[in-house]
Amino acid sequence: MQIVRRFFKTKESAVILMFTGLFLVTSIIAPSFLSYAQLINLFRTISLSLLPAMGMVFVMTCGSIDLSAGSVLAFSGMLCGYTMVMWNWNLVPAMLLSLAVSALVGVVNGFLIARWNLTPMIVTLGVQYVIRGLVNVITKGVAISGFSEEFVNIGQGKVGVIPNVIIIAVVVFCICLFLYNFTVFGRSIISTGGNKETTRLAGINVTAYIVSAHVVCSLLAGMAGILVTSRLGSAQASAGMTTDMYAIASAAVGGTSLMGGSGSIVGCLFGVGIMELITIALTLIKVDVYWQRTVVGIIMIAAVFMDVYRRNSSQRSGS
């Protein structure tokens, strides 16, 4: 009984129960959902969406936002594929270059926001357009393919019955969970989002942590881009078009405050699961794709209300 009480006191309890309820409802509506193929597809999709969503948790917790994650995802996948196919680079250098460029985008975003006090939404929206434009200029809208079997195996291969993508996502999840909850880095990011001025007066380099949060976000989006390219066997200019909004919605549904100062990596995992479950459930019952986007929009609005409610409840209990 004590364990149950502790569970309901956690900020993740609501989103975990929501995910569980949605999973059961989907199983009842569409029994085929419980097949091995459908479940593996669900977990694989969650794994690919989880990486940029966790990056968004770091950014949102420090009081910022990043609308360029989807473009970074597309650019990273394109750059990795382009260097391997057009320049005959080996797998490792191509991936390292893609991740390095992704991290550089995070540095630019974070520096402009933290050092020059520019509005995060406007800065990252501008960067989004610049990077998406570069992707289209370089690829001319044509998908890049012809990758080595070694590269394709990263996204399509398995270890036993478990896809490589899921294993990679679990490892990255554990690293992010440790960084966010058990390190000075995580605590400083939470403190920065809670009150920048107080954090600065405490001797913490606020600029460095905002930049670092954006680097983490862009790096995880870049990693997701490489995995998506490997999974599809081609680098597509249209990749990641809705990644930004899905990542923000997943993080918010999972308990990360849109105002900063509070977040949850575990909650983000279940937030991503809810978003993907809704998409799969609507697809299984043959709901039009345009209505699916409408539902996602409603969820995002609901996430804002949830965030406001959580903040007001917290303030009332603290007073």
Report task. Decide whether Leu39 and Ile274 are clustered together by the hydrophobic rule: side chain heavy atoms of Ile, Leu, Val, Met, Phe, Trp, Tyr closer than 4.5 Å, transitively. Result -> yes
Requested in this report: May I have the step-by-step check of side-chain contact (heavy atoms from CB on, under 4.5 Å) for Ile46 and Ile166, ending in yes or no?
Outcome: CA-CA 8 Å; Ile46 288 175; Ile166 296 177; over 6 Å; no
Query - Joint hydrophobic cluster, Met54 plus Phe178, side-chain heavy atoms closer than 4.5 Å - result: no
Query raised in the report: What residue pairs, at least two apart or across chains, pass salt bridge (charged side-chain N to carboxylate O under 4.0 Å, His left out) with a residue in residues 186-200?
Result: Glu197-Arg200
Query raised in the report: So, Ser264 and Glu12: side-chain donor and acceptor under 3.5 Å apart, yes or no?
Result: yes
Query raised in the report: Is there a side-chain contact between Phe173 and Val266 (heavy atoms, below 4.5 Å)?
Result: yes
Query - Ile162 atom CD1: more than 12 heavy-atom contacts under 6.0 Å - result: no
Query raised in the report: Going by heavy atoms in the side chains, are Asp66 and Val72 under 4.5 Å from each other?
Result: no
Query raised in the report: Would a hydrophobic clustering, with Ile, Leu, Val, Met, Phe, Trp and Tyr connected at side-chain separations under 4.5 Å, put Phe185 with Val211?
Result: no
Query raised in the report: Taking a hydrophobic cluster as the set of Ile, Leu, Val, Met, Phe, Trp and Tyr residues connected by side-chain heavy atoms closer than 4.5 Å, whether directly or through intermediates, do Ile168 and Phe151 fall within one such cluster?
Result: yes
**Report entry** Test ring pair (Phe, Tyr, Trp, His ring centres under 6.0 Å) applied to Phe19 - qualifying residues, sequence neighbours left out
**Finding:** Phe270
Query raised in the report: For the residue pair Ala224 and Leu73, what are the closest heavy atoms and their distance?
Result: CB-CD1, 3.9 Å
Query raised in the report: Can you find a heavy atom in the side chain of Val161 that is under 4.5 Å from one in the side chain of Ile40?
Result: no
Requested in this report: Applying side-chain contact (heavy atoms from CB on, under 4.5 Å), run through Ser71 and Val105 and close with a yes or a no.
Outcome: CA-CA 10 Å; Ser71 295; Val105 174; over 6 Å; no
Query raised in the report: What side-chain hydrogen bond (donor to acceptor under 3.5 Å, both in side chains) pairs are there with at least one residue in residues 159-183, not counting sequence neighbours?
Result: Thr61-Tyr180
**Report entry** Polar contact flag, side-chain donor to acceptor under 3.5 angstrom, Ser234-Gln236
**Finding:** yes
Report task. Kindly indicate whether the side chain of Leu51, heavy atoms from C-beta on, has any atom under 4.5 Å from the side chain of Leu227. Result -> yes
**Report entry** Side-chain heavy atoms of Leu118 within contact of Phe111, under 4.5 Å
**Finding:** no
Query - Closest approach of Ile190 to Gly261 (non-hydrogen atoms, all atoms of both residues) - result: CG2-O, 3.3 Å
Requested in this report: Would you mind reporting whether Cys80 and Thr229 have side-chain heavy atoms less than 4.5 Å apart?
Outcome: no
Report task. For the pair Ser262 (side chain) and Thr256 (backbone), establish whether a donor and an acceptor sit closer than 3.5 Å, ignoring hydrogens and angles. Result -> no
Query raised in the report: Would you say Thr20's side chain and Ile16's backbone share a donor-acceptor pair under 3.5 angstrom?
Result: yes
Exercise answer: donor-acceptor pairs, residues 126-138 side-chain atoms, under 3.5 Å, sequence neighbours excluded:
residue, atom, partner, partner atom, Å
Gln128, NE2, Leu67, O, 2.6
Gln128, NE2, Asp244, OD2, 3.2
Arg132, NH1, Ala237, O, 2.8
Arg132, NH1, Ala239, O, 2.8
Arg132, NH2, Gly70, O, 3.4
Arg132, NH2, Ala239, O, 3.2
Arg132, NH2, Gly240, O, 3.4
Asn136, ND2, Arg132, O, 2.9

Report summary line: In terms of heavy-atom contacts, Gly55 and Leu220 come closest through N-CD1, 3.5 Å
Requested in this report: Kindly write out the residues that satisfy ring pair (Phe, Tyr, Trp, His ring centres under 6.0 Å) with Phe75, not counting sequence neighbours, or none if the list is empty.
Outcome: none
Report task. Start with the C-alpha distance between Phe147 and Ile154, add both sets of side-chain angles, then the distance that settles side-chain contact (heavy atoms from CB on, under 4.5 Å), and finish with yes or no. Result -> CA-CA 11 Å; Phe147 306 133; Ile154 294 174; over 6 Å; no
Query - Minimum-distance pair of heavy atoms, taken over all atoms of Gly110 and Ile210 - result: O-CG2, 4.3 Å
Query - Glu150 CD to Ser230 OG distance, which is reported to the nearest 0.5 Å - result: 10.0 Å
Query raised in the report: Do the non-hydrogen side-chain atoms of Leu258 and Ile248 ever get within less than 4.5 Å of each other?
Result: yes
Query raised in the report: How many angstroms lie between CE in Met275 and CG in Leu277, if you round to the nearest 0.5 Å?
Result: 11.0 Å
Requested in this report: Could you grab the distance from atom CG of Leu79 to atom CD1 of Ile144, nearest 0.5 Å is fine?
Outcome: 9.0 Å
**Report entry** Minimum-distance pair of heavy atoms, taken over all atoms of Val85 and Gly146
**Finding:** CG2-O, 4.1 Å
Report task. Please identify each residue that fulfils ring pair (Phe, Tyr, Trp, His ring centres under 6.0 Å) with Trp87, with sequence neighbours left out. Result -> Tyr82, Trp89
**Report entry** Atom of Gln38, atom of Ser32 and distance for their closest heavy-atom approach
**Finding:** CG-O, 3.4 Å
Query raised in the report: Shared ILVMFWY cluster between Ile278 and Leu34, side chains joined below 4.5 angstrom?
Result: yes
Query raised in the report: Could you state the interatomic distance from OG (Ser212) to CZ (Phe58), rounded to the nearest 0.5 Å?
Result: 10.5 Å
Query - Side-chain (Thr192) to main-chain (Cys62) donor-acceptor, under 3.5 angstrom - result: no
**Report entry** Atom pair CG/CG of Leu17 and Leu22 - distance to nearest 0.5 Å
**Finding:** 12.5 Å
Query raised in the report: About how many Å separate OG of Ser64 and CD1 of Ile113, when rounded to the nearest 0.5 Å?
Result: 3.5 Å
Query raised in the report: Is there side-chain contact between Leu50 and Cys268, with heavy atoms separated by less than 4.5 Å?
Result: yes
